[in-house]
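Worksheet: the structure to be examined is printed underneath.
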Amino acid sequence: MTGRALEGRTALVTGGSRGIGRAIAERLGRDGAVVAVGYAREKEAAAEVVEAIRAAGGRAFALPAALGWHGDAAALWEAFDERIGEHTPTGGVDIIVNNAGIGRSADLASLTEEGFDEVFAVNVRAPFFIVKHGLARLRDGGRIINISSGLARIAMPEVMAYGSTKGALDTFTLNLAKELGPRGITVNSVAPGIVDTDNTSWLHGDQEAAAWAASVSAFGRVGQPEDIAGVVAFLASDDARWVSGRVVDATGGSAL
Ligand code: NAP
């Protein structure tokens with residue numbers, strides 16, 4: 001197949017085994033990229049995503065990449081280097097999508113230091129060091145896309161630490177964009193609103209909560225992972241070469 005937007009590129013998607021990451025991995029695969037599908041525990045889910053990408057005519061491989069511990073990013077790249085040669089002769093990477101994230105609810109009163117450290121380790125420290133160690137592998141003209149959240153903009157004290165991780169991620173995006181501009185690398189955040197994934201399983205058990213969630217968006221529904229994947233695919237493409245250092249709102253017009 002020729003003429004696909006990301007033909008000849010390699011993408012890494014952390015947390016590609018489920019939810020938003022899965023939709024991103026499948027979309028980038030359909031657009032022609034070789035996709036490394038990162039996962040933490042759900043090996044079978046990652047294998048399913050790889051299979052789905054291959055069935056659609058793309059190329060992909062599963063990458064064990066649990067994050068949130070010291071040395072996680074170095075281990076991720078070591079695993080990547082071991083596997084990438086089987087899928088592309090050149091090695092290296094063109095698109096890094098820092099998607100893996102955790103979000104436990106805890107207001108300030110119930111937040112523990114352990115909970116705070118855990119959410120920052122996965123949502124902030126891991127992307128920092130994935131990029132730091134990935135820069136030698138990331139080709140000029142590449143893309144870094146950080147999956148943030150509308151909660152960096154919309155106050156929700158019940159998940160204050162989580163929202164703060166995404167604010168930190170957006171500041172990382174801003175600084176990194178300036179640093180990597182001379183290499184033609186764009187860096188952007190994509191901020192989803194409420195999206196139907198395993199992380200938001202409460203959407204399915206509680207009608208009142210589901211109705212509220214739908215009402216937050218100007219479109220009157222919750223987001224689907226594919227709604228986010230389309231925005232990521234645009235930022236990954238050549239058409240987005242002049243967009244950098246921004247937070248692209250993909251909340252479906254939430255809390256306008
Ligand atoms: P999800 O359905 O819970 O999926 C999480 C993915 O991340 C899985 O692939 C999981 O791998 C991986 N993961 C979880 N913990 C990890 C860890 N410690 N190390 C490495 N990988 C890990 O999540 P989601 O809802 O799609 O969220 C994806 C991103 O979007 C997150 O950054 C989240 O903050 C952001 N976001 C989500 C929403 C929403 O409403 N869903 C809204 C705004 C922003 P395994 O399958 O191996 O467990």
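In each ligand, atom 1 is the first atom listed, and ligand 1 is the first ligand listed.
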(request) Would you check ligand 1 and list the protein residues that come within less than 4.0 Å of it by any heavy atom, ordered by chain and number? (result) Gly15, Gly16, Ser17, Arg18, Gly19, Ile20, Tyr39, Ala40, Arg41, Glu42, Ala65, Ala66, Leu67, Asn99, Ala100, Gly101, Ile102, Val122, Ile147, Ser148, Ser149, Tyr162, Lys166, Pro192, Gly193, Ile194, Val195, Thr197, Asp198, Asn199, Thr200
(request) For a salt bridge (charged side-chain N to carboxylate O under 4.0 Å, His left out) with Asp94, tell me which candidate from Arg139, Arg143, Arg9 qualifies. (result) Arg139
(request) Please name all residues satisfying side-chain hydrogen bond (donor to acceptor under 3.5 Å, both in side chains) with Ser110, sequence neighbours left out, ordered by chain then number. (result) Asp107
(request) Go through the structure and list residues passing side-chain hydrogen bond (donor to acceptor under 3.5 Å, both in side chains) with Asp117, not counting sequence neighbours. (result) none
(request) Could you list the residues that satisfy salt bridge (charged side-chain N to carboxylate O under 4.0 Å, His left out) with Arg59, not counting sequence neighbours? (result) none
(message) Could you measure the distance from the CD1 atom of Ile84 to the OG1 atom of Thr10? Nearest 0.5 Å is fine.
(response) 4.5 Å
(request) Specify the closest pair of heavy atoms between Ala60 and Val37, including all atoms of both residues, with the distance to one decimal. (result) CB-CG2, 4.4 Å
